[in-house]
Amino acid sequence: MSKQMVRRWCRTFSDGRQQLEDIPRAGRTRTATTDANVGKVDDMIRANRRITIDEVAEELGIAHERAQNIIHDILRYRKVSARWMPRQLTHTH
């Protein structure tokens, strides 16, 4: 950690801040990454392992970035030989 960052943290906590969590920021909430959309994407991938991110995004009416986030970060799928596969295979897979 740089000295400048240490100074910034010291200044922040000496001003009275007591929590380590981020302060909520204003801005648009992510409405595409809902449990319903995650379930739909999972069903779409299980039905067709060769589906593309663009097809998923178009089908659900969400941005490419959100569809990619759902597939890679939330469901933890990756492309193997042009098919979506779970990153950690289990005995049931």
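Taking each heavy atom of His72 and Tyr77 in turn, the nearest pair found is ND1-O, 3.5 Å. For Lys79 against Arg50, the heavy-atom pair with the smallest separation is NZ-O, 4.1 Å. For the residue pair Ala67 and Val56, the shortest heavy atom distance occurs at CB-CG1, 4.2 Å.
The CG atom of Asn69 lies 5.0 Å from the OG1 atom of Thr33; values are rounded to the nearest 0.5 Å. Atom CE of Met44 is separated from atom CD of Glu59 by 4.5 Å, given to the nearest 0.5 angstrom. Rounding to the nearest 0.5 Å places CD1 of Ile53 at 4.5 Å from NE2 of His64. Within the model, atoms CD1 of Ile70 and CG of Leu75 stand 7.5 Å from one another, a figure rounded to the nearest 0.5 Å.
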Checklist entry - Step by step, would you call Leu60 with Arg66 a side-chain contact (heavy atoms from CB on, under 4.5 Å)? => result CA-CA 10 Å; Leu60 295 178; Arg66 291 290 99 216; over 6 Å; no
Checklist entry - side-chain contact (heavy atoms from CB on, under 4.5 Å) between Cys10 and Val6: does it pass, once the steps are laid out? => result CA-CA 6 Å; Cys10 288; Val6 172; 4.1 Å; yes
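Here Asp42 pairs with Arg46 in a salt bridge; the nearest charged N to carboxylate O distance falls below 4.0 Å.
For the side chain to side chain contact (heavy atoms under 4.5 Å, CB included) test, residues two or more places apart in sequence or in another chain that qualify with Glu55 are Ile51, Thr52. By the side chain to side chain contact (heavy atoms under 4.5 Å, CB included) test, Ser14 pairs with no residue at all, sequence neighbours left out.
Counted within 6.0 Å of CD on Gln68, heavy atoms from surrounding residues, nucleotides or ligands total more than 12; the atom is thus considered enclosed. For CG of Asp43, the number of neighbouring non-hydrogen atoms (other residues, nucleotides, ligands) closer than 6.0 Å is greater than 12.
Two residues are said to be in side-chain contact when any heavy atoms from C-beta on lie closer than 4.5 Å; Thr34 and Asn37 meet this criterion.
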